[in-house]
Structures are given as C-alpha cells and as structure tokens.
Amino acid sequence: MSFIKISEILKGCLENQEISIRGWVYRKRQGKNLIFLLVRDSSGFIQCTVTKNSAGWNEADKLTIESSVSLKGSAKPDKRAPGGFEISVDTISIIGLAEIFPITKDQSTDFLRNVRHLWLRSRKMNLIMKIRSKILDFTRTFFKNNTFVEVSPPMFISAAVEGGSTLFDLKYFDQTLYLTQSSQLYLEILIYSLEKVYCIAPSFRAEKSRTIRHLTEYWHIEGEWPYAKMSNLMDFQEALLSYICEQTLLNCKTELEELKVDTNKLTLVQSPFPRITYTESIDILKKKGSEINWGADLGYEEEKIIAQEFGRPFFIYDYPTAIKAFYCKTYKDKPELAMSVDMLVPRIGEISTGGAREDDKQLLIDRMNAIGLNIEDYSWYLDLRRYGTVPHVGFGLGLERLITWMLDLDNVIDSIPFPRTTRRFYP
RNA sequence: GCCGCCGUGGCUCAGCCCGGUAGAGCGACUGGCUGUUAACCAGUUGGUCAUAGGUUCGAAUCCUAUCGGCGGCGCCA
C-alpha cells in the first residue's frame, strides 16, 4: 500500500479517488453516528469522517489525541471541512494508541518549554522548523554561488578564541578542553588552502545572559574571505541577507502566511543597507539625548535607539580598537580605529559581527601582549602570519537571531528545536 | 554578576491587599447528541496551595530563608 501526503490531497487533484494516509490524530469530535478526526502528517492537516456503519468505526472510537494511525478512504472537497477537503474513511488501523496527551488548549510558555519534545509536533513549531531548514538551504546556495567552500571545523578546542570567561570547559580524558565559541580561527587556517571558506556550525557561550536573544548553544554562519576589503564584506553580508529574505518570501509563502509573519518587513530587506560608522552612531545618540561618549561600547539600549532610526537591517563599522578583539585589524593612519563591522536589526540588535583580521605578525603579537594573552597558546595562529600571510576579512552571523527577527518570534528559543539556555537543557 | 516579577488539581487561572481551613474553566471518566470546526448538554473525578521555618487560637493569605522558573541590564551572535 502506498501512502500519500495530506498536502497532495489539499491540492485538489485526488478527488474521489481511494487514498491512504498515515499520520497522528490532532483533534477528535465524536457524535452518536459520526466521528470527526483531524489528522496531521508532516505536510498538513485534513478532516476525516467515520460513520457508524463503516468498517473503521470501532478503531476510530478507540482513538485518542496524538495516536498514530493509517487510514484508507476517499477524498472529496467539502465546504464544511477545515481546509476545504475531507476524507470519508473506510478502514483505520491504529499504529500506536496514545496515552492522554498532556498538551491541551490551555498552555503557558513555561509548560510548553517543559514538554518541548511534544510541543515540536505543534503546527507552529512544524512551520518554523520547515522555514529554518529552507533558510539553511538558501544560505548554502548563496555561499556556493559565490564560490565559497563549506568546511567542518572542530567543536572541541584547546584554547580560547577570545576572552576565556565565556568558554565551557570539559573533561577530555585527563585534560581540560573547551567547546568552541566561534570557528573563525579555524576558517582562517583553511583559507590558506581553499581560499573562500564558510561553515554552519554550533558555537557555545557560557554567558549567564537572561534575555530573549541568548542561547548557550547557537548555530553560527561564519565565512572567511582572503584579499577582500571591509566594503566587500558589507556588500556580501547584505546580499546574503537579501537573498535569504527574498527566497524565503518566494518559497515559504504558505508557511509565512500561516505564521502571520509581516512579509512587508522582509520585502524591505534589499541592498544597499544603511551604513554608519561608530563615530556617526555616537553623534546620532548624542542628538537623541544619550550621554554616551566616544570610546564606550554600544549597549543594547543604544543599539535599539539607532535601530529605530532605520527600521531595517543596517551596519555599524569602524569601532574603537580598545573595545574589539585582538585579531581585529586597525587602520595604519588611525590605529585607534578597528576595521570591525556589526550588522544589526530592530528589536534583536546584533545579528552578525565581522571585520578585517590583522595579517601582520608583529602587529598581532603587539596586540596580544597589550591585552595580556599567552602568545604560546596561539602559536599555530601566528604561523598563519609567518608563512605566506594574506589580508582577509570574515564574519559570523547568528542563525537563531536571524530567524527570530525574520519570523518575529517572541524568543530565540522558538527558532531552534532543542534550545539550550542557562536554565534549560532538557530534553 | 546586578535588578524586577512569578510558583494554588494533568493544564489555565481566581482566592492573597484586608488571616477563619480551597473555587472555576479545560482535560480525563460516565451518559446524551444527525456535521463537528480546540463542538455542545448533564454528571463524576482530581489539590499536604514550591520547600523549610516563624508570627498567630487559626496561614494559600503576613514575615524570613531556600529552591525552581521568567524577564531587564551587563556580555555577546
């Protein structure tokens, strides 16, 4: 017996044919002589009717919410049915009879987070995960179209990428290793072989942040690009984001509609994005009454004020060297400025950070000494500047923050199937 | 790390201010119902009020501590 997807029936080309489907019982309404089953599979929902005189009645009578079933019947259009189509059932076979399902009409976010393994069956989660998958597809296609090579960096690392305070450490046989915070340094290694490279991999941050935009494990879209400049980097990122939004609008129409996403916002994501320097952003903030001074890092509140100015994704670049990481390249004539660029969106704030990497061995060592890093921990990184160094730029984009912004979700938690936060790691 | 809010049947909440021994809806169960749209009607079931201590004749209610959760800031993507 071959089974068809519910979405095929809803397209309307299987009218009055005998068909079989497999799925789960989403709703059940029972009368004396008639049972309505709303059955879902990965593709959608369809109402099925079972009459008392049909062979399937006894099985339908036993069915509980979330039981898995296969059923045979004929599909026909019916105005009374949600979705416009209905299956009149001949036979039903119960695959797995469900116990009483804990998720009912009344739900709180706290409860749904406790039963996340069951909540993932909901229509909302189903749709978000489908779009997430598509966004990953679009991202890979865009990199591929721009001749980047996808690489697989390690998650176990032996030394910090940046500070060290936000690293998770773990027992690795008799030693201590860490979970990676970013794959950037490893991508930098690979450009010396493959040139343009990218990866889509998890990053781990032991930050005790309590916000709607932080996860301790998140998926990081990172790229490194030899010989490119800051302007190339911004061009590339805005083209990537525009492509993702454009393709999502094109390919996820029904999903976006069902999730009630404001597609207008996505239509506005087109090159060029507004670009302002850090110094300009300080001027804007001062005009708005902020007491921030040049040299201070922009906090979430400051970012929010500027984001409201634009109402769409934008860049802030050329930050003070003092507030940026050791590998950030500085301007020769203005060493107090670092070639660093953040991409920001309204409500969420930073969704990507990138910039030019210091490619001069001595300048890099000077920077590391100034910050107090142990040079020996990074000897392999310095080797990259020792043997045929090249200028290069790169960036890292937070996938969950991007999805949360695009779909206007309440919390990054809903953009990933199994979120890890400071307090939650189950299941 | 700092600040704020929350914790009452399986789920969602009321009761707390002003102390008198817990109430509703949903679910589940039983029965009824000729097409329902998270149906409807009737009945039944179900809670040491997060935990520990204190005040009191008496605590879900007032006080203290602890635990758990959510959110804001900082940090970041």
Side-chain angles (χ1 to χ4, degrees), chain A residues 25-38 40 45-53 64-66 78-84 86 88 98-115 118-119 122-123 161-167 180-184 200-222 237 296-304 323-325 341-345 348-354 395-405 410-413 415-416 421-424 426:
Chain A
V25 178
Y26 194 68
R27 302 271 186 271
K28 181 182 178 182
R29 288 180 282 274
Q30 188 155 1
K32 195 178 179 185
N33 299 307
L34 190 60
I35 295 173
F36 296 96
L37 297 173
L38 193 57
R40 63 169 181 87
F45 295 77
I46 191 158
Q47 176 163 289
C48 307
T49 56
V50 189
T51 53
K52 191 148 198 177
N53 54 17
T64 50
I65 300 294
E66 285 302 313
D78 192 313
K79 277 186 204 152
R80 295 169 297 184
E86 183 172 274
S88 145
E99 295 176 26
I100 298 161
F101 198 63
I103 301 176
T104 61
K105 186 172 83 177
D106 297 311
Q107 311 150 348
S108 63
T109 52
D110 182 53
F111 176 67
L112 294 179
R113 286 172 191 183
N114 290 337
V115 291
L118 302 175
W119 179 236
S122 68
R123 188 62 178 158
V161 173
E162 294 178 37
S165 57
T166 62
L167 280 172
T180 187
Q181 285 178 308
S182 160
S183 298
Q184 180 200 319
I200 302 176
S203 280
F204 305 88
R205 304 267 166 110
E207 295 160 355
K208 288 186 178 168
S209 306
R210 309 204 41 75
T211 77
I212 57 157
R213 56 189 186 281
H214 281 87
L215 294 166
T216 53
E217 178 184 32
Y218 69 95
W219 284 73
H220 213 167
I221 298 166
E222 294 179 276
Q237 286 192 74
D297 207 353
L298 301 176
Y300 181 65
E301 278 306 308
E302 283 82 33
E303 290 174 2
K304 208 157 80 180
I323 57 171
K324 285 293 165 181
V341 55
D342 286 354
M343 182 160 59
L344 298 93
V345 295
I348 307 295
E350 298 166 30
I351 62 166
S352 98
T353 290
F395 73 100
L397 172 71
L399 175 63
E400 287 76 20
R401 286 191 179 176
L402 174 64
I403 296 172
T404 303
W405 177 73
D410 293 335
N411 193 310
V412 271
I413 276 178
S415 66
I416 184 168
T421 65
T422 47
R423 307 297 173 102
R424 287 186 192 267
Y426 171 90

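So you know, we letter chains A, B, ... as the sequences are listed, proteins then strands, and number each from 1.
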N or O in side chain of [X] less than 4.0 angstrom from [N] OP1/OP2:
| X | N | result |
| --- | --- | --- |
| Arg123(A) | A38(B) | no |
| Ser108(A) | U12(B) | yes |
| Arg423(A) | G69(B) | yes |
| Arg29(A) | C40(B) | no |

### Message
Do Thr353(A) and Phe395(A) have side chains that approach each other closer than 4.5 Å (heavy atoms only, starting at C-beta)?
### Response
no
When you get a sec, tell me which of [options] is the closest nucleotide to the side chain of [X]?
| X | options | result |
| --- | --- | --- |
| Ile212(A) | G71(B), G27(B), A77(B) | G71(B) |
| Glu301(A) | A77(B), G69(B), C73(B) | C73(B) |
| Gln107(A) | U36(B), A38(B), C76(B) | A38(B) |
| Arg113(A) | C33(B), A77(B), G71(B) | G71(B) |
| Glu86(A) | G74(B), A77(B), U36(B) | U36(B) |
| Asp110(A) | G69(B), G35(B), G72(B) | G69(B) |
| Glu303(A) | C33(B), C76(B), G71(B) | C76(B) |
| Thr49(A) | U34(B), C75(B), G35(B) | G35(B) |
| Asp78(A) | G35(B), G10(B), G72(B) | G35(B) |
| Pro82(A) | U34(B), U36(B), G69(B) | U36(B) |

Is there a donor and acceptor pair, one atom on the side chain of [X] and one on the base of [N], closer than 3.5 Å?
| X | N | result |
| --- | --- | --- |
| Arg210(A) | G71(B) | yes |
| Gln30(A) | U36(B) | no |
| Arg401(A) | C76(B) | yes |
| Ser209(A) | G74(B) | yes |

### Asp342(A) vs Phe111(A), nearer the 5' end of RNA chain B by closest nucleotide
Phe111(A)
### Query
Where each residue is assigned the nucleotide of RNA chain B containing its nearest heavy atom, which of Ile413(A) and Gly396(A) is assigned the position nearer the 5′ end?
Ile413(A)
[M] and [N], which share atom name [atom1], separated by this distance in whole Å:
| N | M | atom1 | value |
| --- | --- | --- | --- |
| A60(B) | A52(B) | P | 13 Å |
| C16(B) | A22(B) | P | 16 Å |
| G19(B) | G4(B) | P | 26 Å |
| G43(B) | G25(B) | P | 10 Å |
| C17(B) | G71(B) | P | 29 Å |
| U8(B) | C70(B) | P | 15 Å |
| C62(B) | G7(B) | P | 11 Å |
| G53(B) | G9(B) | C1' | 26 Å |

Spacing between [X] atom [atom1] and [N] atom [atom2], to the nearest angstrom:
| X | N | atom1 | atom2 | value |
| --- | --- | --- | --- | --- |
| Ile65(A) | C29(B) | CD1 | P | 11 Å |
| His214(A) | G74(B) | NE2 | P | 10 Å |
| Arg424(A) | G69(B) | CZ | P | 7 Å |
| Ile103(A) | U12(B) | CD1 | C1' | 14 Å |
| Lys105(A) | A28(B) | NZ | P | 12 Å |
| Gln47(A) | U36(B) | CD | P | 10 Å |
| Leu34(A) | G32(B) | CG | P | 16 Å |
| Lys32(A) | G35(B) | NZ | P | 11 Å |

### Message
I'd like to know if Arg40(A) and Glu66(A) make a salt bridge, using a cut-off of under 4.0 Å between side-chain N and carboxylate O.
### Response
yes
### Task
Using the six-membered ring for Trp and the full ring for Phe, Tyr or His, decide whether Tyr218(A) stacks on the six-membered base ring of A77(B) (centres under 5.5 Å, planes under 30°).
yes
### Message
Restricting to salt bridge (charged side-chain N to carboxylate O under 4.0 Å, His left out), what partner residues turn up for Lys304(A), sequence neighbours left out?
### Response
Glu301(A)
### Task
Give one of base, sugar-phosphate or nothing for Thr104(A), where a contact means two heavy atoms less than 4.0 Å apart.
base
### Task
Look at all strands and tell whether Asn114(A) reaches a base, only sugar-phosphate, or nothing, counting heavy atoms closer than 4.0 Å.
nothing
### Task
Using Watson-Crick or G-U wobble pairs with both distances under 3.5 Å, give me RNA chain B in dot-bracket, 5' to 3', with [ ] for crossers and | for pairs to another strand.
((((((((.[[[[.)....(..]]]].(((((.......))))).....[[[[[..)....]]]]])))))))....
### Task
Measure the CD-CD1 distance between Glu99(A) and Ile65(A) for me, rounded to the nearest 0.5 Å.
14.5 Å
### Query
So, is the end of the Arg213(A) side chain (NZ or CZ) under 6.0 Å from the ring centre of Tyr218(A) and within 45° of the ring's axis?
no
